[in-house]
Peer 1: 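What follows is a single structure, and I will ask about it in a moment.
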Amino acid sequence: MTAPARNSALAPFRVRSYRFQWPADVLTSWAFEMEFLILGWYILVETGSVVVLTFFGSLMYLGTLVAPMFGVFGDRIGHRNLLAGMRAAYAVLATTMLVLALTGLLNPVYVFILAAIFGVIRPSDLGVRGALVAATMPHEYLVSAMSVSRTTMDSARIAGALTGAGMFATLGMGPAYIAIASLYVLSTILTLCISPAAETAPQRDTDSTSARPSPWRDLSEGLAYIWNTPRMQAAMWIAFLVNLTAYPFTGNLLPYIARNVHQTDQTGLGYLSASFAFGALAASMILSNIGGVRLARLMITSTVIWYVLLILFAHMQTMPAAIACLMMAGFAQSFSMITLAVILLRTAGERFRGRVMGVRMMAIYSLPIGLLIAGPMIERLGFAPTATLYAAVGLLFTLFIAVRWREDLWRPLAPANSI
């Protein structure tokens, strides 16, 4: 097969399982974005507190602490089976929220409870879907497949943000949750259509008659593997850093930024959220069609640009300027996160794939930490100084990581640039 064919964005769709997984991931991501936007605005309006908003946002990431175990069980029972069960749980939780909204019983306490349950499961979704793509995809399609998979989140954030904002503003929470629950149900059905036989069985050092290691031993092996592989360790630190210092200001804090900084409504919030996703989608589409990329160099460079753009975003005084900054930040963010994921998946191989992506999801736990610190800081210092300080810290540590692991990340012939 020629290089253009391998690098084509459509090449991964030659694989049958991907033709089911991609729309299932799209529907799930669409529902995620609608739900985050609607509930974030609801909590901010009901409580009027940025601290409460950041507490709510942190609940959505409780599961990052157990994400490695999701990866272990995905390696054991199959990533398709695990992903289908997770999405069925989303449907149940959304249906519960729907009933509460339609009966008039919904209040912030119930939202916090359901968000906490949802937050145990949802953070592992991205890692499990990435492991499933890697398990079913030929090696030469992986960059294209991960790039196209990234479009499920980016395109869904555009459509989900605009649709969710419009439905919530015009119809209310009940009708909006009918759509959300329906999307989760459809995504579960499509996930179940993926054949379990499509996954490559992981190679074990022990034969089939030997006792299987405990999940904790599997996890400890995965952690040791990451720690002893410099390019993977560096990528994990990047993942931890951006979740701590960058993502809070382009995700869970957007309702506050829209309402209190730019004095706009749900529709304006939808535009801000969609602009970041539009830039990310453009980057995903570009990366899915190019080859020969030096992955680690691109990861470092795009992360640095992302932080610079966040500093500019913090000081924008008008909505058009803020939207433009967010769009460019989304572009840089997508290059950073796609290359990071490909480095991890290609380095991990079949045996450690689920465990490595589980640890990758655990790195997201820095996001709720960043949120909980940002809330009081914004109340005390203001939005612009807090966001500037966060981005400056992230930028400095990104440069430190680039210098600390320069042989593994920047050298042209380093494995992370040639895999």
Side-chain angles (χ1 to χ4, degrees), residues 20-46 56-57 59-60 83-108 110-119 121-123 125-126 129 149 151-193 251-252 254-255 258-259 264-278 280-281:
F20 286 105
Q21 183 179 351
W22 188 83
D25 292 349
V26 167
L27 295 175
T28 301
S29 298
W30 194 335
F32 281 167
E33 296 304 329
M34 292 177 67
E35 198 161 20
F36 286 176
L37 184 147
I38 290 170
L39 293 180
W41 188 266
Y42 171 82
I43 290 296
L44 183 61
V45 170
E46 289 293 314
F56 163 75
L59 290 177
M60 295 296 231
L83 201 58
M86 292 164 64
R87 290 171 176 178
Y90 306 153
V92 172
L93 292 171
T95 302
T96 304
M97 193 78 76
L98 168 63
V99 172
L100 291 172
L102 292 177
T103 56
L105 298 176
L106 189 66
N107 62 54
Y110 289 137
V111 172
F112 288 142
I113 293 172
L114 291 173
I117 299 172
F118 182 77
I121 308 169
R122 185 262 171 190
D125 192 277
L126 180 61
R129 71 170 74 170
S149 291
T151 67
T152 65
M153 294 181 294
D154 302 331
S155 60
R157 190 168 185 183
I158 297 170
L162 297 177
T163 304
M167 292 184 67
F168 186 31
T170 58
L171 302 177
M173 186 173 288
Y177 257 94
I178 293 176
I180 292 169
S182 299
L183 291 173
Y184 283 138
V185 170
L186 288 174
S187 71
T188 303
I189 294 171
L190 286 171
T191 304
L192 288 170
C193 290
N252 296 86
L254 278 183
R259 189 168 186 258
T264 187
D265 57 11
Q266 299 102 309
T267 303
L269 171 60
Y271 290 148
L272 286 172
S273 182
S275 64
F276 184 78
F278 184 83
L281 176 61

Peer 1: Measuring from atom CD1 of Ile178 to atom CE of Met173, what distance do you get when rounded to the nearest 0.5 angstrom?
Peer 2: 13.0 Å

Peer 1: If I take atom CG from residue Leu27 and atom OG1 from residue Thr188, how far apart are they, to the nearest 0.5 angstrom?
Peer 2: 9.5 Å

Peer 1: Using 0.5 Å steps for rounding, measure from the CD1 atom of Ile121 to the CE atom of Met60.
Peer 2: 12.0 Å

Peer 1: For residues 90-107, pull every pair meeting side chain to side chain donor-acceptor pair (under 3.5 Å), keeping only residues two or more places apart or in separate chains.
Peer 2: Tyr90-Asp125

Peer 1: Could you check Arg129 against Ser29 for side-chain hydrogen bond (donor to acceptor under 3.5 Å, both in side chains), going step by step and ending with a plain yes or no?
Peer 2: CA-CA 11 Å; Arg129 71 170 74 170; Ser29 298; 3.0 Å; yes

Peer 1: Is there a side-chain contact between Arg87 and Thr28 (heavy atoms, below 4.5 Å)?
Peer 2: yes

Peer 1: Nearest 0.5 Å please: distance from the OH atom of Tyr271 over to the CG atom of Asp265.
Peer 2: 9.0 Å

Peer 1: Which pair of non-hydrogen atoms, one from Ala24 and one from Ser187, has the smallest distance, and what is that distance?
Peer 2: O-CB, 3.4 Å

Peer 1: Just verifying a value: how many Å separate Tyr177 OH and Leu102 CG, rounded to the nearest 0.5 Å?
Peer 2: 12.0 Å

Peer 1: Working to the nearest 0.5 angstrom, can you tell me the gap between Leu272 CG and Thr267 OG1?
Peer 2: 11.0 Å

Peer 1: Please state whether the rings of Phe118 and Phe32 are parallel, tilted or perpendicular, taking 30° and 60° as the class boundaries.
Peer 2: perpendicular

Peer 1: Quick one: salt bridge (Lys or Arg N to Asp or Glu O under 4.0 Å) partners of Arg122, sequence neighbours excluded?
Peer 2: none

Peer 1: Flag yes if more than 12 heavy atoms outside Tyr42 fall under 6.0 Å of its OH atom; otherwise flag no.
Peer 2: yes

Peer 1: Taking side chain to side chain contact (heavy atoms under 4.5 Å, CB included) as the test, write out the residues that go with Val185, two or more places apart.
Peer 2: Ala91, Ile189

